[in-house]
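All values reported here derive from a predicted model rather than from experimental measurement. In this chain, residues are counted from 1 in sequence order.
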Amino acid sequence: MPRAHKYDVIVVGAGGAGLMAARYAAQNKDVKVAVISKLYPTRSHTGAAQGGVGAALGNVSEDHPEWHAFDTVKGGDYLTDQDVAETFAHEVVDAVYELEHMGLPFSRTPEGRIAQRKFGGHTREFGKSAVERACYAADRTGHMILQTLYQQSIKDQVTFFNEFHVLDLVLEDGSARGVVAYELATGEIHVFHAKATIIATGGNGRMFKVTSNAHALTGDLMSIVYRRGLPIEDPEFYQFHPTGLYKIGVLLTEGARGEGGILRNKDGERFMERYAPSIKDLAPRDMVSRAMYLEIQEGRGVGPDGDYIHLDLTHIDAEIIEERLPDITEFARIYLGVDPIKEPVPVQPTAHYAMGGIPTTIDTQVVADGEGTVVPGLYAAGEVACASLHGANRLGTNSLGDLIVFGRRAGIEAAKYAARVDYEPMPAGVDERAREELERIRAASGSERAAHIRKELQDTMMDNASVFRTEATLAKQVEILADLRERYKQVSVEDDGQVFNTELMEVVELGFLLDNAEQLVYAARNRTESRGAHSREDHQDRDDDRWLEHTMVYRNDDGSVRVGAKPVTLGKYEPKPRVY
Ligand SMILES: Cc1cc2nc3c(=O)[nH]c(=O)nc-3n(C[C@H](O)[C@H](O)[C@H](O)COP(=O)(O)OP(=O)(O)OC[C@H]3O[C@@H](n4cnc5c(N)ncnc54)[C@H](O)[C@@H]3O)c2cc1C
């Protein structure tokens, strides 16, 4: 028998989005709230966020939420839902002040206000020049957010189930009733019965070879909902961040360019002047990553193999670097043995952020189709979700903003819903599917190893479906994925024990990653245009007549994939060519 639990609101995930949701749900004293997390909360990836959270506070120079909303829509290559961007740009201002009042130690201006710096794609007066909008705590902004929110959640008496892996969602007659989870310490299966379930499980960057993402970012719930027949929105829009440390992908924040850092090719040329004459190195990430690849392709890459670019900070005052970018300076010294104060740092684009995800309304309710039919009792927020704030390309600092704005909305909405409805019955045997899958893996005797399949997945996704794509590379990747999926069935484990069986969980996570890759590749093959982070060498133009719509990818009952659409919510900003 599974261990059974009952909570009005269950939050899956304890990153910024999950903790914000839990906190706000817990403000409603009539609802009992629990958070389930496969990691100890403060190990969530939000803690690795460096550069800042964007909000038009105007502390350093004039700024307005309208400018922020416009930048978000333009940065998203007009695939952003404009009502979402407008609401976001206004609410994020309050949300940042709330974090300040919770005690978050932001860096400060000389007058004592929250310090702000420049970041890619954030401009004054609708694109005129770069504006200081990113509120930061040195280059540890996410760490400070996570610690602050965790402290507050403890104070608010939220119950935590740490190192519990959610393996399934209970979806009966179209409504969500909770989740099934595996307790790492004991190997026990638990069933969590809930009136409202909030999914806040973060990204899926581990499907690529070079990534800034932590090991745990395996897209678990994007796969679980997909297996239950729900769609994933816009998965083809996957962001590569321009400045990952060469070969290892560890991130150097865009804040480095916000503080004046410059990208240079092997001739020492500041090549971004050619690609984005007005904001240069602070163009949106999709543009900068593509420019870097083109420089390398055309023989202007740095190094013996000509396959990286230099990030040059040597002209910046050493004190500023040490004070505002201490962590990334250490990363460069430790991992590459390069001191950014004295010499340029070798960088290359690194897989960073999923713009797409589980589709939601502006109030974070999960939707089941292109018509926007809501799934009662199911909410999603943070990187796992797609509200669609980021459209085809996210601006730096807009993810932390997304977490606090939509995490808060999810908590409030879910608690309201839970206070209003009764528990729907929990059918017996909801844990069987998860149990059978684990038994199957434990009992398998095939010779395949998860590590080999994962490596092939990551290598081939990098080759065939990263910054540039074509019909040929995507068709090839579809075949590779089908083959990897067959081989996955033969994966066996050496550890068949119950206690802390991390090997077993890695196999389960690999299954999730394979689904995430499938969603991305089918969507990318379907969209025969280039927009934002989705760049097709065989369809280089943006095509608004045909493709100004969201993608919705579904898995049919027979295992085949179906690609549908969902309308974009337009608004006052007419789609225009994206020039910076
Ligand atoms: C290195 C780095 C730097 C970044 N810097 C910035 C920045 O400066 N500004 C910015 O705006 N954005 C930045 N980002 C992006 C941003 O940090 C992330 O998008 C954001 O933190 C994601 O938060 P989240 O709450 O959605 O998920 P996460 O913080 O990733 O948390 C996910 C949670 O889900 C849980 N979970 C996952 N699967 C399961 C499961 N199956 N069962 C139970 N629990 C599960 C995990 O335990 C974890 O608690 C950065 C990202 C990286 C990788």
With a 4.5 Å heavy-atom cut-off, do Val179 and Phe164 have their side chains touching? no
Asp515 and Arg485 ion-paired at < 4.0 Å: yes
Applying ring pair (Phe, Tyr, Trp, His ring centres under 6.0 Å), name anything that partners His5, two or more places apart in sequence or on another chain. Phe161, His190, Phe192
With the threshold set at 4.0 Å, does a side-chain nitrogen-carboxylate oxygen contact exist between Arg487 and Glu456? yes
Output the distance between atom CD (Glu437) and atom OH (Tyr182), rounded to the nearest 0.5 Å. 13.0 Å
When you compare the side chain of Ile189 with that of Leu438, does any pair of heavy atoms fall below 4.5 Å? yes
Give the ring-plane orientation class for Phe88 versus Phe406, where under 30° counts as parallel, over 60° as perpendicular and anything between as tilted. parallel
Flag if over 12 foreign heavy atoms under 6.0 Å of CG, Asp558: yes
Can you check whether Thr350 reaches Phe240 side chain to side chain, under 4.5 Å on heavy atoms? no
Does CG belonging to Asn556 count more than 12 external heavy atoms closer than 6.0 Å? yes
Take Val166 and Lys38, measure what side-chain contact (heavy atoms from CB on, under 4.5 Å) needs, and give me the verdict at the end. CA-CA 7 Å; Val166 167; Lys38 71 178 181 181; over 6 Å; no
Taking the side chain as C-beta and beyond, is there a heavy-atom pair between Met20 and Leu403 under 4.5 Å? no
Residue pair Ser492, Arg449: steps toward the side-chain hydrogen bond (donor to acceptor under 3.5 Å, both in side chains) verdict: CA-CA 7 Å; Ser492 57; Arg449 283 281 171 269; 3.2 Å; yes
Test: Arg177 and Glu172 ion pair at under 4.0 Å: no
Using a strict 4.0 Å threshold on nitrogen-to-oxygen distance, state whether Asp8 and Lys195 make a salt bridge. yes
Using a strict cut-off of less than 4.0 Å between a Lys/Arg side-chain nitrogen and an Asp/Glu carboxylate oxygen, indicate whether Glu413 and Lys416 qualify as a salt bridge. yes
